[in-house]
Amino acid sequence: MSKYAQVIVDIAHSQVDKIFEYSCPDETQAGCRVKVPFGGRIIDGFVTGVSRVSAYPAEKVKPIYEIVDEAPALIPECLELTESIAKRYRVPKAVALRLFLPSEMRLGKVRELFRRYAVYTGAEVKLSASAKKQAEALSFLKERGEYDYTSLCDEFGRGAVNSLVTKGAIVLDKRKISRNPFGGLPSSSEKKILTPAQQSALDEIESSDKTVHLIHGVTGSGKTEIYLSVIAREIERGRSAIFLVPEISLTPQMLSQLRSRFGGAAAILHSGLSAGEKFDEWWRLRSGEAKIAIGARSAVFAPLENIGAIIIDEEHDGSYISESAPRYSTVEIAKMRAEYNGAKLVLGSATPSVETYVKAARGKYGLITLTERINKKPLPEIIIADMRKEVKRGNNTAFSQALRAELDETLKCGNQAIIFLNRRGYSRTVMCRDCGYVAKCENCDVTLTYHSEENCLKCHYCGAKYHMLTSCPECGGRHVLYNGTGTQKVVADLKSLFPSARILRMDNDTVSGKDGHYNILKKFAAKEADILVGTQMIAKGHDFPSVTLVGILDADMSLHFSDYRSGERTFQLITQVSGRSGRAGEAGKVVLQTCSPENYILRFACAYDYKGFFENEISLRKATGFPPYSLICRVMVTSENSEKALDVLKSVYLSIDRLRVQSPDEFIFFNKMHSPIKKIQGKLRYQVLMRLASGRLLEKIYEIAVNNTTSDCLVYVEENPANLS
Ligand code: ADP
Ligand code: ZN
């Protein structure tokens with residue numbers, strides 16, 4: 001014990017958010033996980049540094065209890081980033097550090113799978129005549145050279161085997177067994193010859209001195225091939241790479257494409273993996289066996305050194321903002337890592353977020369625009385169907401005449417169609433036509449959804465189930481009306497309109513378990529169905545060559561959502577969904593059903609005019625003072641106890657108000673209120689909502705949140721939250 005380790009203890013509490021010192025053995029290294037005595041218990045810790053001298057008197061410094069890792073689990077970069085993240089998002093260092101370690105590993109739920117082999121050394125050893133078992137074991141092993149240690153012990157007794165180890169006749173060799181999660185995946189797709197547009201994109205990323213590049217390319221313009229080429233180039237140089245996609249895009253096609261392209265050099269982290277598999281993939285990255293980390297948001301924390309490129313596909317996707325503490329932005333973390341490593345950060349999308357595009361347009365990011373699909377395939381024609389006219393015509397199905405005609409044509413030609421809608425369940429709300437009563441969840445204050453399979457009402461926020469109503473509990477009226485269309489009604493309508501069509505349905509209700517989602521997609525790709533009906537889940541990333549028609553049933557749904565980004569979201573959704581049509585041989589079509597056909601967002605989307613949309617949107621944001629011309633900041637106060645919540649809310653509000661008095665120009669909007677959803681899982685939700693001119697006061701606002709958090713009342717900050725529910 002001649003060294004001292006600086007240790008962060010694995011407790012998510014601001015009161016122990018300091019560095020503690022322990023004495024440690026010589027071999028202790030920074031980045032290792034350790035167990036240390038703390039407050040009368042033994043707990044996990046992380047070594048952030050080691051030194052020869054201690055800052056404390058010898059009798060005050062306790063020795064560490066155990067070194068968990070032989071080699072450091074945490075790389076030096078991670079120790080540095082932990083500091084920045086802890087500071088930026090005001091979380092204890094332990095919480096920031098946890099981002100870098102898969103939870104399976106941290107909690108010791110999964111141990112590395114080792115098999116120990118007993119290896120015959122050939123060393124001369126003297127065995128006493130009575131040590132029969134030892135002699136037998138030795139001659140057994142001599143014949144074979146090596147044998148599984150546990151089996152050897154079973155056969156000859158642990159004592160005998162261990163004496164042979166002590167005497168040096170046997171050495172034990174620990175070998176890792178890697179669970180291979182990709183055993184069953186077929187390999188496909190070879191490396192393609194880049195088109196001139198792809199090649200020049202690649203060259204530009206290479207030659208530019210900017211760190212961040214945005215590839216704005218229409219769907220099917222071959223962005224994926226550019227990403228893969230950027231990655232391949234960095235691997236050839238001996239560097240590593242991170243490739244981030246929304247979880248939903250990690251389709252079987254995508255996985256097998258990546259596997260066949262990079263083989264064992266890629267570690268793919270996705271939700272379908274078991275805890276053990278995740279753990280192994282993580283170690284393959286950490287040990288350098290795998291050099292490419294592929295996965296959703298959290299893969300940005302992959303334990304890779306010497307990163308050459310980080311790719312973020314579908315950069316506009318809401319899933320890149322973390323929904324639990326720390327509420328980090330993946331792009332922001334990726335930027336930190338790119339800067340640390342001198343790497344390139346490539347963002348890609350057919351519909352970049354307004355906030356990203358403005359940076360590219362102003363030259364802060366490099367901008368690469370791909371306007372054509374591969375092989376100059378035309379983008380699908382988008383036909384607008386005015387649903388107001390359909391209702392007047394007496395058409396009460398979910399399908400307009402135009403969509404019916406196109407479906408008919410598609411099925412006749414033996415092609416496939418995708419029907420997209422924005423909801424789930426049979427029909428959305430249960431509302432009394434006589435008094436206007438709407439059925440809501442008792443815990444969550446959100447409208448319940450009727451599910452016909454179980455004939456019950458469900459809360460989509462907490463999962464509570466309620467009996468279906470036969471009459472109104474308020475006025476006794478018998479006309480309980482269901483408005484809106486759900487996937488089941490659509491499927492029912494389709495079946496009666498096209499009795500011979502084979503229909504698949506995909507939404508949160510039909511997709512369960514690790515493979516549900518893959519299986520449906522696999523069936524559809526194998527043309528085992530003619531029509532796929534689904535929600536957001538089918539909007540992204542899939543490449544079905546036979547799909548020539550996409551129907552968007554309720555484009556208005558997202559348009560009238562109470563969020564400043566609803567226009568942007570609608571544009572993105574229409575573009576993404578339309579991109580599923582006509583990807584291979586034949587030209588595709590899209591039928592977009594709406595009750596507001598004159599809406600400018602829909603018009604830009606139909607014309608594939610992103611620039612037009614952007615110009616319009618950015619001037620609107622400027623006029624109304626929304627991001628990027630401001631920062632929306634919400635401080636949430638949640639507690640089961642309403643009195644406490646209100647007390648804390650008041651204190652938070654007053655503290656922020658003091659900031660406002662000092663810098664009135666920073667505050668464009670400022671108020672305290674109930675959250676739109678007043679209660680989730682029994683917790684009351686209050687908020688202080690503000691629009692700030694800049695991020696100048698953020699640090700202080702985070703501090704106010706931390707200082708007001710108590711054991712029974714949680715206060716946290718959200719920056720430009722993906723939704724304000
Ligand atoms: P995006 O990601 O921009 O939507 P993809 O990368 O999916 O586009 O490419 C669209 C289609 O074009 C895919 O089927 C892909 O295999 C094909 N493709 C991409 N690049 C090439 C190329 N250089 N040569 C031939 N086919 C290509
Ligand atoms: Zn609920």
Side-chain angles (χ1 to χ4, degrees), residues 186-205 213-233 241 243-262 266 294 296 309 311-317 320 346-353 356-357 360 367-380 415-416 418 521 524-525 527 538-548 550 571-588 590 605 608 610:
S187 76
S188 69
S189 98
E190 295 297 297
K191 191 176 161 198
K192 298 183 175 70
I193 297 163
L194 296 184
T195 63
Q198 287 171 325
Q199 187 60 50
S200 80
L202 193 66
D203 294 344
E204 195 174 329
I205 293 168
H213 288 265
L214 170 66
I215 304 181
H216 172 216
V218 297
T219 53
S221 57
K223 293 186 290 298
T224 311
E225 203 55 37
I226 302 174
Y227 305 148
L228 300 185
S229 302
V230 170
I231 293 171
R233 195 171 56 196
F243 183 17
L244 304 176
V245 293
E247 176 75 39
I248 212 118
S249 305
L250 282 170
T251 58
Q253 289 137 300
M254 181 76 143
L255 295 182
S256 73
Q257 192 184 350
L258 293 166
R259 273 284 132 191
S260 68
R261 184 71 176 265
F262 297 116
I294 298 161
I311 316 280
I312 303 185
D313 190 24
E314 312 276 7
E315 69 79 31
H316 62 275
D317 197 88
Y320 286 122
V346 178
L347 312 175
S349 176
T351 52
S353 70
T356 298
Y357 196 83
L367 177 62
I368 294 162
T369 310
L370 305 170
T371 51
E372 282 178 342
R373 280 183 154 185
I374 293 285
N375 300 332
K376 305 213 177 351
K377 248 167 254 152
L379 286 160
N415 289 325
Q416 289 177 297
I418 290 178
L521 294 173
F524 192 61
K527 294 196 76 173
I538 59 175
K540 288 175 214 154
H542 314 303
D543 200 354
F544 302 112
S546 297
V547 170
T548 55
V550 166
F571 186 91
Q572 285 163 353
L573 205 62
I574 293 172
T575 310
Q576 298 292 333
V577 181
S578 304
R580 302 305 114 215
S581 182
R583 286 175 79 88
E586 289 168 64
V590 177
Y608 295 101
Y610 178 85

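Keep in mind the model is a prediction, meaning the values are calculated, not measured. When a ligand or atom number is given, it counts from 1 through the structure's own listing order. Sequential numbering from 1 along the given sequence is applied to the chain's residues.
Closest to atom 7 (O) of ligand 1 among all protein heavy atoms lies Arg583 NH2, 3.2 Å. Protein heavy atom nearest atom 20 (N) of ligand 1, with residue, atom name and distance: Gln198 NE2, 3.0 Å. Atom 2 (O) of ligand 1 has as its closest protein heavy atom Thr224 OG1, 3.0 Å. Nearest protein heavy-atom neighbour of atom 12 (O) of ligand 1: Ile374 CG1, 3.5 Å. Looking only at protein heavy atoms, the nearest one to atom 13 (C) of ligand 1 is Asp543 OD2, 3.7 Å. Looking only at heavy atoms of the protein, atom 26 (N) of ligand 1 is closest to Lys192 CD, 3.4 Å.
In the vicinity of Ser221, heavy-atom distances shorter than 4.0 Å reach the ligand 1 atoms 1 (P), 3 (O), 8 (O). Near Ile193, with a cut-off below 4.0 Å to any heavy atom, the atoms of ligand 1 are 22 (C), 23 (N), 24 (N). Each of the following atoms of ligand 1 lies closer than 4.0 Å to a heavy atom of Thr195: 23 (N). Every atom of ligand 1 with a heavy atom of Gly220 under 4.0 Å away is listed here by number and element: 1 (P), 3 (O), 4 (O), 8 (O), 10 (C). Less than 4.0 angstrom separates some heavy atom of Val218 from each of these atoms of ligand 1: 3 (O). Distances below 4.0 Å separate heavy atoms of Thr219 from the following atoms of ligand 1: 4 (O).
Salt bridge status for Glu314 with Lys223: absent, with no side-chain N to carboxylate O gap under 4.0 Å.
A distance of 10.0 Å separates CG in Leu244 from CG in Leu347, rounded to the nearest 0.5 Å.
Side-chain polar atoms of Thr575 and Ser578 form no donor-acceptor pair below 3.5 angstrom. A donor and an acceptor atom, one from each side chain of Glu315 and Thr356, are located under 3.5 Å apart.
Ring planes of His216 and Tyr610: tilted class, angle from 30 to 60°.
For Glu204 (side chain) and Ile368 (main-chain N/O), no donor-acceptor pair under 3.5 Å exists by modelled atom type.
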